[in-house]
Amino acid sequence: MASLTRAGSSELDTRVKDYLDDKIQTAADFEGLEVLLQQARTQQQLLKKQLEEASSDLERATQALHEHETSIQAKAESYQEQQSDIDQRLIYITEATTSDDAVKIFETSMAKCRRLDLATGYLQLLQEVDILGEQARNDSKTSVRSAVPAYTRLRSLVKALHDAQPAAEGAAPHLVDHVEQQTSQVYAQLKEAASSDLNKTLDRMGWPKKDMRLDGKMVADWTEQVHTLLDLQVPDLLLESTKSHNEASNAQPTILLPLEVMVHPLQLRFRYHFYGKRATNRLDKPEYFLSHILDLLEDHNGFLLDYLQPALDDIFRSVPELEDFLYPDATSAFISALLPMVSAKVLALLPQISSQPQLFSHFMHELMSFDTTIRDSWAYTPTPHSLSDWKGLSWSVLVTHEYFEPWLKVEKEFALARYEAIIAASDSGEIDYDSTGSGSSKPTKSAIRVNDLLETITDRYRPLSSFSHKLRFLIDIQLEVFDQYHQRLHGSLERYIMDSSALGKVIQGPTGTANDARGINNVSGMNGLESLSKVFGSAEYLERKMSDWGDDIFFLELWVELQDRARRNAGSNGTVGRDLPVSDVASRTSATINQTDDADSGEPDGGALFDETASAYQRLRLKAEEQINELVINAVTASLRPYSKVAGWSSLISSGTTASTPSSFTPTSALDAPLQLLSDHLSFLSKVLAAAPLRRITRQVCLAIQKYMWDNVLMRHNFSASGAEQLKGDVEAIEKVIDASIYHPGEAARGMRRLNEGIRLVGLPIRPSTSNSKSAAGAAGAAGAAGVDEEMEKEEGWGFDNDDDDGESDEGATAAAGAESDGQSDRSDKDASGGDKVFSLWEVEKRVFKSNESARNVLLDMGIETLSESDARAVLERRVEVGS
């Protein structure tokens, strides 16, 4: 202990020393010694206070612990006494020798007591059920409506028993069954009594005649009896409403009891007319019984809206829970009551007509038309807040009873048979000039009829409610017809290409007898052009129709649904419907449905339902247009060969008649055949092609003529001024024929601008001249140029340098003149006197051959844009004055 005291004292001394060393480090720190002592005293007092509080808390905790210990001990002693007392009492009551045996005997007795209580409850429940049943039967003798509360109580007991079954692990099934049987018997008795009363009232009213007796007393009785039946049905409706909320159900819509009674005489009349051997019961006339149902709606809808609707409004106001289960609409309720008889008749007919394609197809068409009328004209929806329209009886036939595949097979056979009849028609290959408006390509009559067939097919499956069925119709029938017609057009085009090839011409022979024996028309000239135009017009027509269908609301909805299903079922084994893999559907409709990368971007994927088929027709159309271009170009260039061999362009002397007076100008005789060919071919094309492809083909023909004339005429011969004028007139004659044939002035000049500029360059006058007073002198100088000595020509040609005062003649100002009606465009400069300057041959020749930059400038001044510097030099060298 002494050592511990010394250790503690030593530790305290060390801490004091450290504290003083920390607080007093210099002599100046002694001045604050009083403050340090005061702080130490304050901390000492605080510590003493805390120590006192801790001691007090410890004392109270010790006291509480002692009290709690005493209480627990007392309770334990009390429990031991009670346990001993209970054991003694159990032993005494059960006459057992030990307490354990006494507990077992007592538990057995308590189980018997619980079973007795349960049996008592069962007996009380049975007694209540019997009392309620007897009460309902007695009350129904005087008034069925007064018996409804007793039945409602019975129905509530049945519901309570069913709700308690899961917790009781299915106990007392016989009790539940007995209560249900009693409730059903009461319901049947009350329903029979109320229905009998309503039937009597209906008989007095004259239902279902059009002219019924509707006096106040009868209407009041009818309304009272309708309310009674509705009140009787309310518990069942509430129970069905609960089931519909808890689980998905495809059950048929509930029929209201008053309407069940009112529809009964209509059912009898329906069976009388449309069953048995009556004349109205015909397999080939399903529209008879379907239109009869629609007539019943027309005849009785007014009465139901006037008298039944208020009763329904009352019942829905008193029981608002029914609004989520039944439509508070008398018309829809009446339709729900009529549909079972129609469904029964439909199912009775199907086994008889499903093996007869014509009857089966007609029957399904009429049934879908009936569904559409009920859905659209009568706005029928069996349940409120439904996210989709009523599927119709046709959906039940095709899906529930699995008649879709046989029907699809029948419709496909009919469609393909109709397609074969269209193709086999004698006039199927004729061009229909009246089917489309002006400015559109003309298809063949077969293309028009195929389109009509496809629209009829669309109308066939448009009313279907199943997405899978619509897509199957589209792929198996509609796209199949498209594909077969595409194969026919493609085969026709391939035969033309083969027959027009070198090998085909060898096989055909000079007279075409081989082709005639095969039934193939001559592919040359107008016959070939007409064949190609048929392919082009038909392909473009159907391609345009597919584009129009892509914007139709029906196909748009189908496309959106297809994209959504493809995104939700993406993957190697994904499907968009029954037996419809995504990959197969994409190959027949559009490849864009396989693109799932941007599924969450919110951007539209693009594409359309007919992408693949439309692309095939587009490729066919472009290929046909290419062949038309080739045919016309080959024919025109072949007809121009004699013209390219015309000589004497350099020796022609002007006779005073130039291209400037077109009324008296005569084209070269070798040009007669090409002009006639162009007129025939382009006039025909202008009748059968739309404006856009006609312009494209015309431009290609003009470019081909330009190239041929450039290579074989302009670049092969030498020209005098008069020869150039003659060539210019010939080209203008070609342009005039082309423009007149396609009814589009200026189109030919735009396509042969390079040739026109070359001819303008080669036809430049030797001497410069201005308009008006100087034009005659310039013309005379050009006419006599051929007889002038070469040195003199050069002197005259180079003499223009002194005409410009500033010596900068190379940089004349440029002004643009508009294109004339014949397609020729000129650019001229103003001279100092204000006249229109005409460039002379030697002026242009000097600047063109001087340098590339000088050549570009003079060509720009002249308004020549399509010729390069080398082209301009080559053209000028074809002028006899320059080349010599």
Going by heavy atoms in the side chains, are Leu532 and Leu493 under 4.5 Å from each other? yes

State whether the side chain of Lys470 and the backbone N or O of Leu464 hold a donor-acceptor pair below 3.5 Å, judged by distance alone. yes

On a heavy-atom basis, which atom in Ile738 and which in Leu678 lie closest, and how many Å separate them? CG1-CD1, 4.1 Å

Distance-only polar pair, side chains of Gln487 and Asp483, donor-acceptor under 3.5 Å: no

Test salt bridge (charged side-chain N to carboxylate O under 4.0 Å, His left out) applied to Glu757 and Arg753, step by step: CA-CA 6 Å; Glu757 291 181 350; Arg753 185 176 179 184; 3.2 Å; yes

side-chain contact (heavy atoms from CB on, under 4.5 Å) evaluation trace for Asp552 with Asp548: CA-CA 7 Å; Asp552 184 270; Asp548 294 340; over 6 Å; no

Are Val535 and Tyr496 packed together at the side-chain level, in the sense that at least one heavy-atom pair is separated by less than 4.5 angstrom? no

Within the distance-only criterion (no hydrogens, no angle test), does the side chain of Arg472 pair as donor or acceptor with the backbone N or O of Leu408 below 3.5 angstrom? no

Just by distance, no angles: are the side chains of Ser870 and Ser868 close enough, under 3.5 Å, to form a donor-acceptor pair? yes

Looking at every non-hydrogen atom in both residues, tell me the closest pair between Ala690 and Gly439 and how far apart they are. CB-O, 3.2 Å

Closest non-hydrogen atoms of Ile423 and Ser428, given as atom of the first, atom of the second and distance, are O-OG, 3.1 Å

How would you list, by chain and number, every residue that makes a side-chain contact (heavy atoms from CB on, under 4.5 Å) with Ala616, sequence neighbours excluded? His486, Arg619

Stepwise, does the side-chain hydrogen bond (donor to acceptor under 3.5 Å, both in side chains) test hold for Asp680 with Gln676? CA-CA 6 Å; Asp680 293 342; Gln676 185 60 45; 2.9 Å; yes

Can you tell me if Ser587 and Glu612 form a side-chain donor-acceptor pair at under 3.5 Å? no

Heavy-atom side-chain contact between Val701 and Ile697 under 4.5 Å: yes

If you define the side chain from C-beta out and look only at heavy atoms, does anything of Tyr485 sit under 4.5 Å from Ile422? no

Donor-acceptor side-chain pairing of Gln478 and Tyr461 below 3.5 angstrom: yes

For Ala608 and Ser590 the tightest heavy-atom approach is O-CB, 3.2 Å

Taking distance alone, no hydrogens or angles, what donor-acceptor pairs closer than 3.5 Å link side-chain atoms of residues 639-648 to residues at least two apart or in another chain?
from   : atom 1 : to     : atom 2 : distance (Å)
Ser639 : OG     : Ala635 : O      : 3.4
Ser639 : OG     : Val636 : O      : 2.7
Tyr643 : OH     : Asp730 : OD2    : 2.6
Ser644 : OG     : Arg641 : O      : 2.6
Ser644 : OG     : Tyr708 : OH     : 3.3

Shortest non-hydrogen pair, Leu479 vs Arg588, comes out as CD1-O, 3.3 Å

Looking at side-chain heavy atoms only, is the closest gap between Ile457 and Arg418 below 4.5 Å? no

Pairing donors with acceptors under 3.5 angstrom, does anything connect the side chains of Glu747 and Thr698? no

Sidechain N-carboxylate O distance under 4.0 Å for Arg873, Glu869: no

Verify salt bridge (charged side-chain N to carboxylate O under 4.0 Å, His left out) between Arg462 and Glu455, making sure each step is shown before the conclusion. CA-CA 10 Å; Arg462 188 186 293 268; Glu455 290 181 349; over 6 Å; no

Looking at side-chain heavy atoms only, is the closest gap between Lys534 and Ile431 below 4.5 Å? yes

Could Arg449 and Asp432 be called an ion pair, given the rule that one side-chain N must be under 4.0 Å from one carboxylate O? no

Determine whether a donor-acceptor pair (N or O, by modelled atom type, separation under 3.5 Å) exists between the side chain of Thr444 and the backbone of Gly429. no

Indicate whether any N or O donor in one side chain lies under 3.5 Å from an N or O acceptor in the other, for Ser650 and Asn718. no

Please check if the side chain of Glu845 supplies one atom and the backbone of Val882 the other of a donor-acceptor pair under 3.5 Å. no

Short side-chain to backbone donor-acceptor contact, Ser500 and Ile497, under 3.5 Å: yes

Any side-chain heavy atom of Tyr419 within less than 4.5 Å of one from Arg488? yes

Test your reading of the model: is there a side-chain donor-acceptor pair from Arg760 to the backbone of Met862, 3.5 Å cut-off? yes

Salt-bridge present (Lys707, Asp711; N to O < 4.0 Å): yes

Determine whether Lys728 and Glu725 satisfy the following criterion, side-chain contact (heavy atoms from CB on, under 4.5 Å), listing intermediate values before the conclusion. CA-CA 5 Å; Lys728 175 183 176 182; Glu725 288 293 332; 4.3 Å; yes

Residues Arg621, Glu543: salt bridge by 4.0 Å N-O rule: yes

Looking only at heavy atoms, what is the nearest atom pair of Leu755 and Met709, with distance? CD2-CB, 3.7 Å

Tell me, do Ser435 and Tyr541 make a side-chain contact under 4.5 Å, heavy atoms counted? no

